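Data block below; observations after.
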Amino acid sequence: MPNSNSHFMFYAGLHFKTCPIEIREAWNAVTHPETVQDCIYKVTKQNLEFVNIGTCNRFDICIFGKVTRSQVLEIFYQLALPNFNKYNLTHLIEHPEKISNYLQIYTDANALKHLFKITASLDSLVVGEQQILGQIKSAFKKCSELGFARKNAHKIFTQNFRVAKKIRNETDIGKNSVSVGHAVIDTTHQVFESLHAKKILIIGAGSMAKIIAKNFFCHGVKSLYIANRTFEKAELLANDLQFAIPQKLIETLEQIHQYDICVVAASGNEIIITNETLKNFKKKRQGNLTIFIDVSVPRKIASDVNDIDNTFVFYIDDLDKIMEQNRSLRQQSAKQAEHIIEEEVQNYIHLCKQKENLLHVAKMHRWLKKTITYEVERYLYNSSRGKNILPNVVADAVAKRIVSYSAQLSRLNTKLETPPQTVGEMLEFLFKLSEQEELEFTKNKPIENVIQLKQKKAR
C-alpha cells in the first residue's frame, strides 16, 4: 500500500440512492469494459487496473493505482458524454461539475469497505439479495479475462468474495426473504414442513403469479397448476414456465378439493372463492389440511372460508407481517455484517501497513549495510597503506552518514505536512530511504566524492 499521500484504490459510482434513473441511464448504456479502459487511459495516460460493475441500480468503477478525484470525475463525464444528448441530459454537457452531485467517490479503506458492503448486499434495493454477488463475480471475471484486472485487483476481489461468503455463513442476511413470492413460501411452511408432494393451484396469470410459481418450483414442488378466467393466458404462462399445467378456472373450482395449496393472484373486483364455491369441500378433503393464500387487492377469497375446519386462509396483510418481520431480522443481520466488514477492512489495512513497514525496514537494512561496508572497506584499504585510523573515526563516519538527512531536517526545522501513520512512513521521513536506494559508493576517492546521487533522469 502506498503512503498516506497517495491512494491504492478508488471506488466511484452512481446508484439508485443518489442518482435518478433518467440520469443513470446515460452510464448504464456503457456495457463494455473496453470502453471504460479507453476512457481511463485517455484521462490518466495510464493502463490502470479496474473493474466496472453495471446493474439496473448502479454503475460503478473500482480503480487501482495513482489517480486523482478530478480524474475520476472526468472519466465518468467522458464515459457518459456520447449518451447525454440521447437521454436529453444536455445540461450535464454544459455543466459537467454537476456530475459530482450524483457520484459517490471513496478511497482506500473507505473504498474497500464500500466494495465489501455492496458485494454482501448491504447497499442493495433489497438488503440481502444474492443476485449482486453473482453480478460482481461476473464483472470481475470479464475484466480479468481482458487483462484489466490484474495483481492488485485480484488481491482485493479475492478478499472481497471471501468476506461475502463469511457474511453469508455467519449471519442470516440471505434468509428471511422480504418479497411476496418468498413470503408465500414462508406462509405455507407454517402448515406444511415439506412442499415436495403437495398439489398446488395458482389462480391468475400475471407477473405476480409467475413469481410465486417460480418460488414454488425452486422449493421442490412437482405438481403445479395455473388457472385463469382466460384459458389462453393460463396456457401462455404455463408454456413460459415449462413446469406448470394450464387449467380452465370454472372446471378447476369444481375440483378445488384436489389441491393442498391454493394461491390467488388475480385482477378484477369479484370474489372467486366463497363458501358456496367450497360446498362439500370439508367432506371431500377428508380431514386433510388446506391452505388458501390471497395476494390480490381487492381480496378474491371470502373471509368466511377461514371457518371451514382444517382450512387456513392468509391475506396480503398476513404476508406483509411476515415480510416486515423478515425485514427487521435482515436489518439485525446487516448490523452483524457491518461489524464483520469493519474487522476485515482493518485486518486488510493492518496487513498492508505491516508489509509496507517491512519493505521500508528492508530498504534501511540495505542502505546501512552499504554504508557500513563502504566505511569498513575504506578503513581496511587505508590500513593496508600504512595509515593509522582509529575505529571510533570509522564509527563516527558511519554515524554521520546515517543521521545526515535527519540533521538537515533539524537545521531547517522541517515540519510534517501529514503525520506519519506507520513506522515505514516515519523511516521514510527521517532517512529519505527512497533516495538512499539510489546512492552510489565509490572506493578509493576523497571523502567529499564518495557518495554521488545518480542522475538517471537528467541523462
Side-chain angles (χ1 to χ4, degrees), residues 176-206 208-229 231 234 238 243-326:
N176 307 310
S177 299
V178 294
S179 68
V180 172
H182 284 95
V184 167
I185 302 299
D186 289 347
T187 300
T188 59
H189 280 307
Q190 293 182 19
V191 180
F192 298 123
E193 184 176 346
S194 172
L195 303 179
H196 182 75
K198 303 303 176 184
K199 193 172 182 180
I200 296 172
L201 170 67
I202 297 177
I203 299 176
M208 183 57 68
K210 184 176 182 179
I211 291 170
I212 293 169
K214 285 184 175 181
N215 275 277
F216 274 123
F217 182 73
C218 290
H219 283 78
V221 170
K222 301 299 182 183
S223 300
L224 185 65
Y225 299 81
I226 304 290
N228 197 59
R229 293 187 184 92
F231 176 72
F243 55 78
I245 300 172
Q247 300 280 83
K248 293 180 179 180
L249 181 58
I250 294 176
E251 295 176 1
T252 301
L253 291 176
E254 293 174 354
Q255 303 295 323
I256 199 168
H257 63 276
Q258 296 180 3
Y259 302 96
D260 302 294
I261 300 169
C262 174
V263 181
V264 183
S267 58
N269 298 314
E270 297 179 3
I271 295 289
I272 295 176
I273 298 176
T274 64
N275 252 328
E276 183 63 27
T277 309
L278 301 177
K279 191 176 181 178
N280 298 322
F281 180 80
K282 176 183 173 181
K283 181 179 179 181
K284 291 178 180 179
R285 283 294 291 169
Q286 298 180 347
N288 291 317
L289 302 177
T290 308
I291 299 176
F292 287 97
I293 301 175
D294 189 352
V295 300
S296 309
V297 179
R299 293 181 296 177
K300 303 298 182 291
I301 300 177
S303 58
D304 56 1
V305 169
N306 205 31
D307 296 333
I308 301 174
D309 290 345
N310 298 322
T311 300
F312 301 87
V313 180
F314 300 92
Y315 296 102
I316 189 66
D317 287 353
D318 299 309
L319 271 63
D320 277 340
K321 291 177 183 177
I322 292 174
M323 290 187 287
E324 183 58 37
Q325 181 183 16
N326 288 349

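Sequence positions, counted from 1, serve as the residue numbers for this chain. This one's a predicted model, so the numbers in the text were calculated from it and none came from an experiment. Hydrogens, waters and symmetry mates play no part in the numbers below; they use all other heavy atoms, side chains included.
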Query raised in the report: Is the Phe243 ring parallel, tilted or perpendicular to the Phe217 ring (thresholds 30°, 60°)?
Result: parallel

Report summary line: For Ala302 and Ile271 the tightest heavy-atom approach is N-CG2, 4.0 Å

Query raised in the report: Measuring from Ile245:CD1 to Leu201:CG, what's the distance to the nearest 0.5 Å?
Result: 11.5 Å

Query raised in the report: CZ/Phe216 to CD1/Ile261 distance, rounded to the nearest 0.5 angstrom?
Result: 5.0 Å

Query raised in the report: Under 4.5 Å between any side-chain heavy atoms of Asn306 and Ile301, yes or no?
Result: no

Query raised in the report: Would Leu253 and Ile272 count as a side-chain contact (heavy atoms from CB on, under 4.5 Å) if you check the C-alpha gap in whole Å, the side-chain angles of each, and the deciding distance to 0.1 Å?
Result: CA-CA 9 Å; Leu253 291 176; Ile272 295 176; 4.1 Å; yes

**Report entry** Thr187 side chain reached by Leu319 side chain, heavy atoms, under 4.5 Å
**Finding:** yes

Query raised in the report: CG/Asp304 to OG1/Thr274 distance, rounded to the nearest 0.5 angstrom?
Result: 7.5 Å

Query raised in the report: Stepwise, does the side-chain contact (heavy atoms from CB on, under 4.5 Å) test hold for Val263 with Val184?
Result: CA-CA 8 Å; Val263 181; Val184 167; 4.2 Å; yes

Query raised in the report: So do the side chains of Leu278 and Phe292 get within less than 4.5 Å of each other, counting heavy atoms only?
Result: yes

Query raised in the report: Are Phe281 and Thr311 close enough that some pair of their side-chain heavy atoms sits under 4.5 Å apart?
Result: yes

Query raised in the report: Are any of the side-chain heavy atoms of Gln190 and Ile291 separated by less than 4.5 Å?
Result: no

Report summary line: Between the CG atom in Leu224 and the NZ atom in Lys222, the distance rounded to the nearest 0.5 Å is 12.0 Å

Query raised in the report: Where is the tightest heavy-atom contact between Gln247 and Ala234, given as atom of each residue plus distance?
Result: O-CB, 4.0 Å

Report summary line: The residue among Ile293, Asp294, Ile202, Val295 that forms side-chain contact (heavy atoms from CB on, under 4.5 Å) with Val264 is Asp294

Query raised in the report: Just wondering, are more than 12 heavy atoms of other shown residues or ligands nearer than 6.0 Å to NZ in Lys199?
Result: yes

Query raised in the report: With side chains defined as the heavy atoms from C-beta onward, is the minimum distance between His189 and His219 less than 4.5 Å?
Result: yes

Report summary line: Closest non-hydrogen contact found for Gly204 with Asn228 is CA-OD1, 3.6 Å

Report summary line: Tightest non-hydrogen contact, residues Lys284 and Glu254, listed as NZ-O, 4.5 Å

Query raised in the report: Quick one: CG on Asp320 to CD1 on Ile316, what's the gap to the nearest 0.5 Å?
Result: 5.0 Å

Query raised in the report: Are any non-hydrogen side-chain atoms of Lys198 and Val221 less than 4.5 angstrom apart?
Result: no

Query - Atom of Glu270, atom of Lys300 and distance for their closest heavy-atom approach - result: O-CD, 3.1 Å

Query - From CD1 (Ile322) to CG (Asp317), nearest 0.5 Å - result: 11.5 Å

Query raised in the report: Are there more than 12 heavy atoms of other residues, nucleotides or ligands under 6.0 Å from atom CG of Asn288?
Result: yes

**Report entry** Minimum heavy-atom distance Ala209-Ala265, with the two atoms named
**Finding:** N-CB, 4.2 Å

Query raised in the report: Under the salt bridge (Lys or Arg N to Asp or Glu O under 4.0 Å) test, which residues partner Lys210, sequence neighbours left out?
Result: Asp240

Query - Side-chain (Lys214) to main-chain (Gly181) donor-acceptor, under 3.5 angstrom - result: no

Query raised in the report: Side chains of Ile273 and Ile203: closer than 4.5 Å at any heavy-atom pair?
Result: yes

Requested in this report: Among Arg285, His257, Lys282, find the residue that satisfies the side chain to side chain donor-acceptor pair (under 3.5 Å) test when tested with Thr290.
Outcome: Arg285

